[in-house]
*Asks:* 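Would you mind keeping the following structure in view while I ask a few things?
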Amino acid sequence: MPEGSLQDLRLVGLTKRFGAMTAVDDIELTIPSGSFFALLGPSGCGKTTTLRMVAGLEEPTTGAILIGDQDISRHKPYKRPVNTVFQNYALFPHLDVFENVAFGLRRRGVRNVKQQVDEMLDLVELSGFGPRKPAQLSGGQQQRVALARALINRPQVLLLDEPLGALDLKLRRQMQLELKRIQVEVGLTFVHVTHDQEEAMTMADCIAVMNAGHIEQLGSPTDLYDNPSTVFVANFLGQSNLVRAQVTGTDSDNLLLNVQGNRVVVPRARSRAEGTEVLLGVRPEKLHLAPASADATPAANTFTGTVLDTSFIGVSTQYVVRTAWGQEVTAFAQNDGRAALVPPGADVVLSWHPEHGFCLDASEDLTAGVVIDDEADVRPTAGART
Amino acid sequence: MATAVAAASSRVAKPPVKRPAGEAAWRWLREHLVVIYAALALLYMFLPIFVVVMFSFNNPAGRYNFTWQGFTTKNWTNVCGVPGMCSAVTLSLKIGVLSTILATLFGTLIAFAIVRHRFYGRTATNMLIFLPMATPEVVMGSSLLALFINMNVSLGFTTILVAHILFNISFVVVTVKARLQGLDPRLEQAAMDLYANEWQTFRRITLPLVFPGILAAALLAFSLSFDDFIITNFNAGSQTVTFPMFVWGAAQRGIPAQINVIGTLMFTIALVVTLAVTLAGRRRAHR
Amino acid sequence: MTAAPTARIASPTGPASVVRRKRGRFLPYWLLLPGLAWLIIFFVVPMVTLLTTSLQTGDPFNGYSLTWHWANYSDALRTYHAQLIRSFEYAAIATVAALLIAYPLAYAIAFKAGRWKNVLLVLVVAPFFTSFLVRTLAWETILSDNGFVVRVLRDVGLLGANGRLLATPVAVVCGLTYNFLPFMTLPLYASLEKIDPRLVHAANDLYANSFTAFWKVTWPMSMPGVVGGTLLTFIPAAGDFVNVQFLGAPQQQMIGNVIQSRFLVASDYPVASSLSVMLMFLILVLVVVYIRRAGTEELV
């Protein structure tokens, strides 16, 4: 029972191969104690395999899993100070809610479980549900029971495997806030596996974006969003406009770029690229769109183009603009009432502050990490795992 | 284009034609045909049961109980009055219980091995489970008899028991296997994650969840054993008489109405037990 | 979906992957040991014994010995081919009749019974809790010469004034059809129950009338049940001798009757064994061909 001091979770050179397929490829990661940590990535990226290795449900091919200084990577699942909230919850159907929650305590020989179980049911706002069977609960309630069942053991690390995947959108939003509240309240380390970037950004203090078995980038949600280091991260977390550019020179703090004849400035600190070929990235909401007749702020970077499509979404309007050299870029404009809707066919000027651009390595595939379809719609299958 | 739309809408707008009563009746019949047919089929299935129950109250004139002579309860008050019948029933019960216990044990172990493990010879094992079910009873019975004759084994209680365990194993495997395959592996993983070791996981999670399958398998095995005649007939010898063998012998010599009493009792007990289990299961699911 | 590699990792799920590593490779064999040993000693070995017995010569008084006398087979065929063919005929007719009775019944339970499904299933099986022989005796009562059924059939002229049902092929096939009905109904129900009724609605939506929807959607999807049910009915029916004994006459004897009396009455073990072997062989060939043709190989 890890009451006392919480310790960091460390993954050292963690690798898992299934036959010829490498699911998890030499991961190095330290998850600070007490943090809400998210492993984010598309299906098949190895995040669930990583989680299962930490839980003890999968044996690493090589590498170590440490809690504090103790290597637990070869321990049985029931010998680890780690508990899991399973995808689709895996509540024991033949036991009532009380016994589900008390299960871990009883297995460890705790005699008087009633008070602890009641407190835990209080925490997840399910007081009085003790005598019910899991089949009599709604999806959201089952989710809370699964959480209580794991939390009651006060594990060093709580693993959450797509915990909200089976809930509908509205309930998912509500549970995101709820999970965050509970994590702050109990102060345990939460490791949360998800394919939903919004979910990860809402809840986590720190996110590791995974792709093809390795970690693409590690950082806080704002850091990852504002300063992506790879094309995959730029595309998987939110959207990015990426255009090819040549480095023409530098001044004290900035890189000077040439994009199809347009002169563009990017702070040197925001460039991850080497050489003269780079990819320039700008988030769509950072682009300011104005009719071509209006004067652009001279200090800003600018492109000119023609509006191809105008989609009114309510809070914002989404424009697709074809630039002078024929590339399509996306811009979001807040509907704050200060600017009129620009109709398709209009010539516009796109401008952005130099602080909002970033540079990436030009050798990368431009479409890496592009989310074409919302995975949530195809995912609630029992067998599919990432 | 516009005219086509107009035409379509005018067709929709036409008032519905009033149907004659005959057509309505025909429609009703067509919709309920399957249900009516099913009800008739069910009636057909119960027809012999009515006869069995009715003739258990018959007061037969001669040695055969084929025509209705008059009502009596003496067959019920004097069930064991027929020499040899009640001992045959007792023997069938005994063999039924013993073969059920052993076949359920063996079959459940095999089902666990097949569902939970990948091992060399798995396909052959599946084949060996399937074959006895595809074997006609005369073949199975006569082959066992051929073995017993060649080994000079004397026929009796033990040989019957051997045969009953044999034909029950496959049915147990199939029944338990189905239940085990439907078990979500994550439940056991969750138990292990919650500090249950292998034995505790089996005892607290796997066994309770698979138990309905094992119970169903045991009930099936018992009823197959209690009712088996053909295989038993080959391997019983002349001294050991189970209830079905008693009926067979009686059919040649004269059929006492008490046989119908036993038949009625079997039917009633089995029906009450299974209905109780089913309704209890439904109540649990709906609560 | 993403442009990143989305190949699903075929992680071996199931607690086996966790459990196996400690419990050792031999566990499955320990689990299999008692049951498989039983099946091998009392099923496989007897089959071999049956085969060798079928090649013996001798007589009941001085005993039999193995002489590789293959002529037992031709002798048995010459004498009993009529019974063998009749067994397959009767079994085939009974199987088709059982399918016709059971399919609508299983269909109604699967799609129309609602919350009464389980109760109805119990009712379908319940009649078969009475002893097989007692049931067949009840049919003897129902079909007897002065019973209700024969009287009605005589009155409407379907039977002559002295016509009877007992001791005719009709009675035997009736008995076979009835006695194995649950083996037909339950597999049919099991596969019908899995069909999503929305598929039929989708077919209706796509311009299929009720009949076409049934023929193109429901029937093919219930094929595993049809194959399983017909096999489970045909096999015991082909080997049965009780129905002939109670409901038929010597002219309707099936191969089961011959094997039974050759073995237990005449003690003519070699011929009886050769008939058993032939029956088993024919059934196996039939099963394999039938399953191949029907294209459902995951029966058990």
Side-chain angles (χ1 to χ4, degrees), chain A residues 1-2 48 51-52 54-58 75-96 99-110 131-136 142 145-146 148-155 157-162 382-383 385, chain B residues 104 108 111-112 114-120 122 175-219 274 276-287:
Chain A
M1 189 94 169
T48 294
L51 190 85
R52 287 172 63 84
V54 176
L57 302 170
E58 214 76 74
H75 289 191
K76 300 250 182 178
Y78 50 84
K79 294 268 170 66
R80 302 182 184 212
V82 168
N83 290 110
T84 309
V85 175
F86 284 77
Q87 202 178 0
N88 298 40
Y89 324 132
L91 297 180
F92 306 129
H94 60 303
L95 302 179
D96 62 22
E99 284 304 321
N100 262 286
V101 176
F103 192 89
L105 293 182
R106 291 201 193 281
R107 295 292 81 72
R108 289 181 305 155
V110 178
R132 298 228 198 156
K133 286 282 175 71
Q136 298 166 289
Q142 291 185 26
V145 176
R149 185 178 72 169
L151 273 180
I152 196 168
N153 304 294
R154 300 200 61 81
V157 178
L158 182 79
L159 305 173
L160 301 117
D161 184 5
E162 302 274 6
R385 48 191 63 253
Chain B
T104 306
T108 304
F112 267 92
I114 291 178
V115 176
R116 286 303 167 78
H117 297 272
R118 302 286 169 271
F119 54 89
Y120 183 77
R122 196 159 167 270
T175 314
V176 176
K177 205 171 101 177
R179 180 83 192 181
L180 204 48
Q181 278 166 336
L183 185 67
D184 185 349
R186 275 176 301 200
L187 293 175
E188 285 160 309
Q189 294 172 2
M192 288 210 182
D193 184 63
L194 294 164
Y195 310 103
N197 61 28
E198 285 88 352
W199 166 247
Q200 289 171 325
T201 303
F202 179 78
R203 161 88 185 67
R204 303 275 169 189
I205 305 299
T206 318
L207 196 60
L209 290 174
V210 178
F211 188 72
I214 298 177
L215 186 68
L219 287 174
T274 41
V277 171
T278 315
L279 289 173
R282 201 170 75 175
R283 256 220 345 259
R284 219 175 307 124
H286 280 254
R287 202 175 46 205

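What you see is a predicted model, and the numbers here were worked out from it, not measured in a lab. Sequence lines set the chain letters: A, B, ... in the order given, protein chains first and strands last, and positions in each chain run from 1. Note that these values count all heavy atoms, side chains included, but never hydrogens, waters or copies made by symmetry.
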*Asks:* Identify, with sequence neighbours excluded, every residue that meets ring pair (Phe, Tyr, Trp, His ring centres under 6.0 Å) alongside Phe119(B).
*Replies:*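 Only Tyr29(C) meet the ring pair (Phe, Tyr, Trp, His ring centres under 6.0 Å) criterion with Phe119(B).
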*Asks:* Report the distance from atom CZ of Phe92(A) to atom CZ of Arg204(B), rounding to the nearest 0.5 Å.
*Replies:*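 One finds 11.5 Å between CZ of Phe92(A) and CZ of Arg204(B).
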*Asks:* Please classify the contact of Arg149(A) with chain B as side chain, backbone, both or neither, using a heavy-atom distance under 4.5 Å.
*Replies:*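 Both backbone and side chain.
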*Asks:* Using side-chain heavy atoms (C-beta onward) and a distance below 4.5 Å, is Pro208(B) in contact with Leu95(A)?
*Replies:*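 In short, these two side chains do not touch, never coming nearer than 4.5 Å.
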*Asks:* Yes or no on side chain to side chain contact (heavy atoms under 4.5 Å, CB included) for His94(A) and Ile205(B), after CA distance, side-chain angles and deciding distance?
*Replies:* CA-CA 8 Å; His94(A) 60 303; Ile205(B) 305 299; 3.8 Å; yes
*Asks:* So if I apply the side-chain contact (heavy atoms from CB on, under 4.5 Å) rule between Leu194(B) and each of Thr84(A), Asn83(A), Leu105(A), which one comes out positive?
*Replies:*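 Exactly one pass, corresponding to Asn83(A).
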*Asks:* Where does Asn197(B) contact chain A at under 4.5 Å (heavy atoms): side chain, backbone, both or neither?
*Replies:*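 Contact with chain A is through both the backbone and side chain of Asn197(B).
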*Asks:* Which one wins on heavy-atom pair count under 4.5 Å against chain B: Ala146(A), Ala90(A), Ala55(A), Ala135(A)?
*Replies:*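 Answer, by heavy-atom pair count under 4.5 Å with chain B: Ala90(A).
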*Asks:* Tell me whether the NZ or CZ atom of Arg186(B) lies within the 45° cone about the ring axis of Phe86(A) and under 6.0 Å from its centre.
*Replies:*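 Not satisfied by the 6.0 Å and 45° rule.
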*Asks:* What is the minimum heavy-atom distance between Arg80(A) and Tyr195(B), and which atoms define it?
*Replies:*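 Closest approach of Arg80(A) to Tyr195(B): O-CE2, 3.4 Å.
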*Asks:* Checking heavy atoms, do the side chain of Leu187(B), its backbone, both or neither come under 4.5 Å from chain A?
*Replies:*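 Leu187(B) touches chain A through backbone and side-chain heavy atoms alike.
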*Asks:* Side chain, backbone, both or neither: which part of Leu159(A) has a non-hydrogen atom closer than 4.5 Å to chain B?
*Replies:*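 No part of Leu159(A) comes within 4.5 Å of chain B.
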*Asks:* Inspect the surroundings of CZ in Arg203(B) and state if more than 12 heavy atoms from other residues, nucleotides or ligands are less than 6.0 Å away.
*Replies:*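 Not buried by this count: 12 neighbours or fewer within 6.0 Å.
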*Asks:* In Å and rounded to the nearest 0.5 Å, what is the CZ to OG1 distance from Arg107(A) to Thr201(B)?
*Replies:*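 Reported to 0.5 Å precision, the distance equals 8.5 Å.
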*Asks:* How would you list, by chain and number, every residue that makes a side-chain hydrogen bond (donor to acceptor under 3.5 Å, both in side chains) with Arg106(A), sequence neighbours excluded?
*Replies:*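 Arg106(A) satisfies side-chain hydrogen bond (donor to acceptor under 3.5 Å, both in side chains) with Glu99(A) once adjacent residues are dropped.
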